[in-house]
Undergrad: 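This structure is in structure tokens; I'll ask about it shortly.
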Number of protein chains: 2
Amino acid sequence: MEYTARQIEIINAATELINQGGIQQLTTKALAEKMGFSEPAIYRHFKNKTDILSSVLNYFGMGLKTKMTELIQSEDKGIEKLKQIIDFQFEHFSNHPAIVMVIFAETSFQYEEKLSSAVHNILTNKKERVVSIIQQGQQDGSIRSDVDPNQLASVFMGSMRFTILQWRLNNYSNDLRKEGVMLRQVIEKLLRGI
Amino acid sequence: MEYTARQIEIINAATELINQGGIQQLTTKALAEKMGFSEPAIYRHFKNKTDILSSVLNYFGMGLKTKMTELIQSEDKGIEKLKQIIDFQFEHFSNHPAIVMVIFAETSFQYEEKLSSAVHNILTNKKERVVSIIQQGQQDGSIRSDVDPNQLASVFMGSMRFTILQWRLNNYSNDLRKEGVMLRQVIEKLLRGI
DNA sequence: TACATTAGTTAGTATTCACTAACAAAGGTA
DNA sequence: TACCTTTGTTAGTGAATACTAACTAATGTA
């Protein structure tokens, strides 16, 4: 589960390629070109193409997990943690727009067992953590408790994803951080406990 | 903008293939096999592969537009219309799961100008209509007016999409109609005007 | 009947793809 | 010094892909 420096370079190059034009753009030729070496050199670092793709997903999932764990362990109220997730995610995507495409490519990975389950795990894991934060918020009174936490998590994550998708489809032209601030206020109004 | 019966057959076959394994699964060979004729026969009905894909998107977009127009013209209150959109969409996806993949493949189409703009148009058009319904709801008092209608539309559409995505990633195993009923209740609670 | 159009066929092509075989240079270590 | 490992190279391969050329059978129409 650990990657060499060279592997991480390749993972980043692959992520950028996916961002530029979907997974179809991720060919061994393009990847080698981006890395500045020949095609066969790729196979010194990864077994095959599926191995590269699953590493891209896994590497991204690891980073996300670490951050979410940090957040959960803090002393803040539930609603505060949700707002911090929005800030973190939107800031992160602003700085690394390439990753966005990887996340939204979830359905493209479907044809490969190994990849689709990787995507599924990332999403499920994140949702579980959001649900537990919402439950905590319902107990500390910062989040309304008249709605099922699982449903609220879908609303929360769906809103975030949709906002990011719009930004992506608009070719990153608007300021995602501002969108984040606005979304944070809306989520607060809609989920705030009485 | 009108399609022959044979073209619609091909559009449906293509949609199913995309559903089964993403756009990568949509090859001329697979499409011909599914249609029960030879590969070159495809080119009697479509100019090229991009033409097929943009027809798939366009055909889907047309159906969606028609339904949304009907909804908007009714006499119901804003919140009622939103609930009807959920019912319609979830029922529709339950009956035609193949289409789900096409919608969520938006990022895969990005590398082709013609296709990415088609996707963008479908989404933008739908969102505009949702925004106008929400504005109406804020005026007739059925939807809270302390939140920007554009933001509420993102929450609404994002929640729907996320619920459908989860259903998809779970291999359609849960009952989407039930999910729709639950989502409808949540949306009502969160958006309801005072 | 003569002819044109439509919608299919078989055969084939250039290109691209992921991946392999075999070799080479550099560095670490016995 | 001798040798092994690591990380790259060049050259090439079989399979798949989108698409074309040329032909044909059926159907509608002048």
Undergrad: Students should find this one: the first and last nucleotides of DNA chain C, 5' to 3', lying under 4.0 Å from a heavy atom of chain A. What are they?
TA: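 With heavy atoms of chain A under 4.0 Å away, the range is C:dC17 to C:dC23.
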
Undergrad: Can you list, by residue number, the residues of residues 34-52 of chain A that have a non-hydrogen atom closer than 4.0 angstrom to DNA chain D?
TA: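 Contacts with DNA chain D under 4.0 Å: A:Phe37, A:Ser38, A:Pro40, A:Ala41, A:Arg44, A:His45.
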
Undergrad: Would you check if there is a donor-acceptor pair between the side chains of B:Ser154 and A:Gln166 at a distance under 3.5 Å?
TA: yes

Undergrad: Please list residues of residues 5-27 of chain A whose heavy atoms come under 4.0 Å from any atom in DNA chain C, ordered by number; otherwise none.
TA: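 Here the set is A:Leu26, A:Thr27.
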
Undergrad: Once you measure the plane-to-plane angle for B:Phe93 and B:Phe60, does it fall in the parallel (<30°), tilted (30-60°) or perpendicular (>60°) bin?
TA: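 Ring orientation, 0 to 90° scale: parallel.
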
Undergrad: Would a 4.5 Å heavy-atom cut-off, applied to side chains only, mark A:Phe156 and A:Ile86 as touching?
TA: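 Of all side-chain heavy-atom pairs linking A:Ile86 with A:Phe156, at least one is under 4.5 Å.
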
Undergrad: List in chain and number order the residues that pass salt bridge (Lys or Arg N to Asp or Glu O under 4.0 Å) with A:Glu16, two or more places apart in sequence or in another chain; answer none if no residue qualifies.
TA: A:Lys34

Undergrad: Would you find a donor on one side and an acceptor on the other, under 3.5 Å apart, between the side chain of B:Gln136 and the backbone of B:Asp76?
TA: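 Flag set: sc B:Gln136 to bb B:Asp76 pair under 3.5 Å.
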
Undergrad: Hey, could you give me the OH/CG distance between B:Tyr172 and B:Asn19, rounded to the nearest 0.5 Å?
TA: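 It comes to 3.5 Å.
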
Undergrad: My understanding is that only residues two or more places apart in sequence, or in another chain, count here; which of them pass side-chain contact (heavy atoms from CB on, under 4.5 Å) with B:Pro149?
TA: B:Val131, B:Ile134, B:Gln135, B:Gln138

Undergrad: Not counting sequence neighbours, which residues clear ring pair (Phe, Tyr, Trp, His ring centres under 6.0 Å) with A:Phe88? List them please.
TA: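 By the ring pair (Phe, Tyr, Trp, His ring centres under 6.0 Å) rule, A:Phe88 matches A:His92.
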
Undergrad: Using the heavy-atom set of chain B and a strict 4.0 Å cut-off, write down the first and last nucleotide of DNA chain D that makes it in, 5' to 3'.
TA: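 So the outermost contacting nucleotides come out as D:dT17 to D:dC23.
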
Undergrad: For B:Val147, check side-chain contact (heavy atoms from CB on, under 4.5 Å) against everything at least two apart and list the hits.
TA: A:Val186, A:Lys189, B:Arg144, B:Gln151, B:Leu152

Undergrad: Which pairs count as salt bridge (Lys or Arg N to Asp or Glu O under 4.0 Å) when at least one residue sits in residues 171-182 of chain A, sequence neighbours excluded?
TA: A:Glu91-A:Arg177

Undergrad: Does some side-chain heavy atom of A:Lys83 sit less than 4.5 Å from a side-chain heavy atom of A:Ile187?
TA: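 Counting from C-beta outward, A:Ile187 and A:Lys83 never come under 4.5 Å.
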
Undergrad: Under a 3.5 Å threshold, yes or no: a donor from one side chain and an acceptor from the other, between A:Asp140 and A:Ser142?
TA: yes

Undergrad: Taking atom types as modelled and ignoring hydrogens, do the side chains of B:Tyr3 and B:Asn58 form a donor-acceptor contact shorter than 3.5 angstrom?
TA: yes

Undergrad: Let me check I have this right: for DNA chain C, each base becomes ., (, ), [, ] or |, based on Watson-Crick or G-U pairs with both distances under 3.5 Å. What is the full string?
TA: ||||||||||||||||||||||||||||||

Undergrad: Pairs under 3.5 angstrom only: tabulate donor-acceptor contacts from the side chains of residues 40-49 of chain B to other protein residues two or more places apart or in another chain.
TA:
| residue | atom | partner | partner atom | Å |
| --- | --- | --- | --- | --- |
| B:Asn48 | OD1 | B:Thr50 | N | 3.3 |
| B:Asn48 | OD1 | B:Asp51 | N | 2.9 |
| B:Lys49 | NZ | B:Leu26 | O | 2.9 |

Undergrad: Can I get a per-line list of side-chain donor-acceptor pairs under 3.5 Å for residues 62-73 of chain B, giving both atom names and the distance, sequence neighbours left out?
TA:
| residue | atom | partner | partner atom | Å |
| --- | --- | --- | --- | --- |
| B:Thr66 | OG1 | B:Met62 | O | 2.9 |
| B:Thr69 | OG1 | B:Lys65 | O | 2.8 |
| B:Thr69 | OG1 | B:Arg129 | NH1 | 2.8 |

